[in-house]
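Structure record follows, encoded as structure tokens.
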Amino acid sequence: LKGHTANISCIGFDSTYVSSGDVTGHLKLWSMDELKNMRSMRAHADTVSDCLHFQSLCLTCSLDGFIKVWDIGQAHPLVLTLEGGERLYNLCAHGARNRLYSVGARILGWDLETAREVCRIEEDGDMVADPNVYYGYDVDVWPGTGMCSKALANNGHLLASAGKGIVNLYDLRTARRCCAFEVAGGAGSFDGRGARGDVAGLDLDDWKLSVGFKGGQEITVH
């Protein structure tokens, strides 16, 4: 699928659409069946850092600090804007609870029915990633800037976040950390200048946590 004029920064999909965001803030929606571009828009003022399909909606977050909710089938698709107040890097949602979670310098939880913030989690400073170390040189561009975790997942009961070699698990009933552990994948990441186990992404179900690593060739399953 071709059409972006700048580097693609994220993708999402469901059974009907594929969404793709780029570093200029543009979002494109593609038909899964016809593989054609159905809609293009300037979604954000900065890099689209994540896009997520949730029920019939497409949700995006950005380094501009906003989350936007799009109804793909409408003539005017923007239905909701949430203000994260800082650079945002990742989203995850849980349909049964109608909850959306975002991560930047902290984790925020949102009720999508009321568009209200329902939880706020301040992460332990020991696990955040210094991007200059993470990438091995001074950076102020996507995909990572700021002292924060970069990956987020939930199964409705637990929320997992990860950054610089540490995974935090939070109990969503209390918004308190119930477990933390080091992950040792990606040893010697970024020519040995980044910390061991810098996490690039993770996913979580009721039984397993899967973790992928920046600069490594491994996935670990816990």
Side-chain angles (χ1 to χ4, degrees), residues 10-19 21 32 48-61 67-70 80 82 84 86 88-124 126-129 143-144 148-186 197-214 216 218-222:
C10 59
I11 60 168
F13 70 94
D14 59 18
S15 60
T16 305
Y17 295 101
V18 177
S19 58
M32 183 70 85
V48 183
S49 47
D50 198 12
C51 49
L52 172 72
H53 288 253
F54 178 77
Q55 299 173 358
S56 62
L57 303 172
C58 177
L59 298 88
T60 59
C61 69
I67 299 167
K68 295 189 178 182
V69 181
W70 311 86
L80 180 64
L82 302 172
E86 60 204 17
L88 300 174
Y89 296 92
N90 199 216
L91 295 172
C92 68
H94 192 269
R97 298 176 181 271
N98 210 32
R99 291 287 192 267
L100 174 69
Y101 301 95
S102 63
V103 65
R106 59 191 54 80
I107 296 170
L108 299 177
W110 310 85
D111 185 323
L112 286 176
E113 288 186 358
T114 62
R116 300 181 69 175
E117 182 184 319
V118 293
C119 78
R120 179 178 291 247
I121 299 172
E122 301 292 341
E123 296 229 77
D124 190 328
D126 291 339
M127 64 85 64
V128 297
C148 62
S149 60
K150 300 299 191 296
L152 199 64
N154 85 100
N155 63 8
H157 305 288
L158 294 173
L159 179 74
S161 68
K164 192 174 182 180
I166 296 175
V167 172
N168 284 331
L169 288 174
Y170 297 93
D171 187 331
L172 287 174
R173 296 169 298 181
T174 63
R176 293 185 177 181
R177 188 171 66 176
C178 57
C179 176
F181 59 92
E182 295 184 4
V183 284
D198 287 337
V199 177
L202 76 167
D203 206 355
L204 179 70
D205 66 14
D206 288 340
W207 299 100
K208 299 178 294 297
L209 173 71
S210 301
V211 185
F213 300 93
K214 174 72 177 179
E218 303 167 354
I219 295 173
T220 64
V221 181
H222 307 265

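- Val48 and Cys10 make their closest contact through O-SG, 3.3 Å (heavy atoms, listed as atom of the first residue, atom of the second, distance).
- Contact between Gly212 and Ile219 at its shortest, heavy atoms only, is CA-CG1, 4.5 Å.
- Residues Ser19 and Cys51 meet the side-chain proximity criterion, which asks for heavy atoms closer than 4.5 Å.
- Partners of His157 according to the ring pair (Phe, Tyr, Trp, His ring centres under 6.0 Å) rule, which considers only residues two or more places apart in sequence or in another chain, do not exist here.
- By the 4.5 Å heavy-atom criterion applied to side chains, Leu112 and Leu57 are not counted as neighbours.
- In this structure, Leu80 places its CG atom where more than 12 heavy-atom neighbours from other residues, nucleotides or ligands lie under 6.0 Å away.
- The CG atom of Leu59 sits 12.5 Å away from the NZ atom of Lys68 when rounded to the nearest 0.5 Å.
- Across Ser161 and Tyr170, no two heavy atoms sit closer than the pair OG-CE1, 3.7 Å.
- Remark: Asp50 CG to Ser102 OG distance equals 10.5 Å, nearest 0.5 Å.
- Of the candidates Val69, Asn98, Asp14, Asn98 is the only one forming a side-chain contact (heavy atoms from CB on, under 4.5 Å) with Phe54.
- For the atom pair CZ (Arg106) and CG (Leu88), the distance works out to 10.5 Å, reported to the nearest 0.5 Å.
- Taking both residues in full, the closest heavy atoms of Asn154 and His94 are given as OD1-CB, 3.4 Å, listed atom of the first, atom of the second, then distance.
- Side-chain atoms of Thr16 and Ser56, non-hydrogen and from C-beta on, never get closer than 4.5 Å to each other.
- Taking CG of Leu52 as the reference point, atom SG of Cys61 lies at 9.0 Å (rounded to 0.5 Å).
- Scored by the side chain to side chain donor-acceptor pair (under 3.5 Å) test, Arg173 finds Asp171 as partners (sequence neighbours excluded).
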*Worked verdict on Met32 versus Tyr17 for side chain to side chain contact (heavy atoms under 4.5 Å, CB included)*: CA-CA 5 Å; Met32 183 70 85; Tyr17 295 101; 6.0 Å; no
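- In this structure, the separation between CG on Leu82 and CG on Leu108 is 10.0 Å, given to the nearest 0.5 Å.
- Trp110 contributes atom CH2, which lies 10.0 Å from atom SG of Cys119 (distance to the nearest 0.5 angstrom).
- For the side-chain contact (heavy atoms from CB on, under 4.5 Å) test with Leu91, the passing option among Thr60, Leu152, Ile67 is Ile67; the others fail.
- For the pair Asn168 and Ile121, the minimum side-chain heavy-atom distance is 4.5 Å or more.
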